[in-house]
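Heads up: the structure comes next, in structure tokens.
Residue indices begin at 1 and follow the sequence shown. Excluded from the calculations below are hydrogen atoms, water molecules and symmetry mates; all remaining heavy atoms, backbone and side chain alike, are included.
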Amino acid sequence: MKDDGRPLFLQIAEKIENSIVDGSLAADTQAPSTNELAAFHRINPATAAKGINQLVADGILYKKRGIGMFVATDARAQLLERRRGDFTRQFLAPLMAEAGKLGMEAEEIKKLIDLWEPEQ
């Protein structure tokens, strides 16, 4: 795990969330076990368990007794909704605030987005 200043258990939870969002971990499929995560990332199993438990508390994973953790049926939709809200707060709100300072209207910003090409 890379040290980005955030607790490791949050990084573990985010990795699992990313797998759900990108479709590599589908609804009702088994999530990696605490021991698998701990071995793969070379972290304490208790840290991996904390990340898993956070996802259970958030309704992203659910437990099948004696079998393991599974992806909730609506987990991807939940995550997409939350991330869209985060995107608006982190990126769109500051963009619109700066555009307002520059006297730019929403239509002008829409045109810029339509014309924008990512650098390669």
Check your understanding: Crowded around Q30 CD? As in, over 12 foreign heavy atoms under 6.0 Å?
Key -> yes
Practice item. Can you run down the ring-ring contact (aromatic ring centres under 6.0 Å, His included) pairs that involve residues 83-103, sequence neighbours left out, and say none if there aren't any? Key: F87-F91
Exercise for review: For the pair L8 and H41, evaluate side chain to side chain contact (heavy atoms under 4.5 Å, CB included) and give the outcome as yes or no after the intermediate values.
Suggested key: CA-CA 10 Å; L8 290 175; H41 296 291; over 6 Å; no
Using side-chain heavy atoms (C-beta onward) and a distance below 4.5 Å, is [X] in contact with [Y]?
X   : Y   : answer
E17 : R83 : yes
L61 : V71 : yes
I16 : I60 : no

**Study point:** Side-chain donor/acceptor of S24 to backbone N/O of S19, under 3.5 Å
**Key:**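 A pair under 3.5 Å: yes.
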Practice item. Mark yes or no for whether Q54, through its side chain, and A13, through its backbone, hold a donor-acceptor pair below 3.5 Å. Key: no
Review point. Distance from I20 atom CD1 to L80 atom CG, nearest 0.5 Å?
Key: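 The CD1 atom of I20 sits 10.5 Å away from the CG atom of L80.
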**Study point:** Approximate separation, where rounding is to 0.5 Å, of L95 CG and T88 OG1
**Key:**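 One gets 11.0 Å once the value is rounded to the nearest 0.5 Å.
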Check your understanding: Under the criterion side chain to side chain donor-acceptor pair (under 3.5 Å), which of Q90, R89, R84 is the partner of D86?
Key -> R89
Check your understanding: Of D28, L55, T73, which is the lone residue that meets side chain to side chain contact (heavy atoms under 4.5 Å, CB included) with Y62?
Key -> D28
**Study point:** Intermediate values then yes/no, side chain to side chain donor-acceptor pair (under 3.5 Å), S33 and N35
**Key:** CA-CA 5 Å; S33 73; N35 290 333; 5.3 Å; no
Review point. What is the minimum heavy-atom distance between G59 and A72, and which atoms define it?
Key: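 Reported closest heavy-atom pair: O-CB, 3.3 Å.
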Exercise for review: Please answer: with hydrophobic residues joined when any side-chain heavy atoms are less than 4.5 Å apart, are I43 and L10 in the same cluster?
Suggested key: no
Exercise for review: Decide whether L92 and L102 are clustered together by the hydrophobic rule: side chain heavy atoms of Ile, Leu, Val, Met, Phe, Trp, Tyr closer than 4.5 Å, transitively.
Suggested key: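 Shared cluster, yes.
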Point to revise | Sequence neighbours excluded, every pair satisfying salt bridge (charged side-chain N to carboxylate O under 4.0 Å, His left out) that has a member inside residues 52-77 | key: none
**Study point:** Residue pairs passing the salt bridge (charged side-chain N to carboxylate O under 4.0 Å, His left out) test where at least one lies in residues 104-116, sequence neighbours excluded
**Key:**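 Output for this query lists E107-K110.
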Practice item. Evaluate the criterion side chain to side chain contact (heavy atoms under 4.5 Å, CB included) for residue pair T47 and F9; output intermediate values, then yes/no. Key: CA-CA 5 Å; T47 301; F9 80 93; 4.2 Å; yes
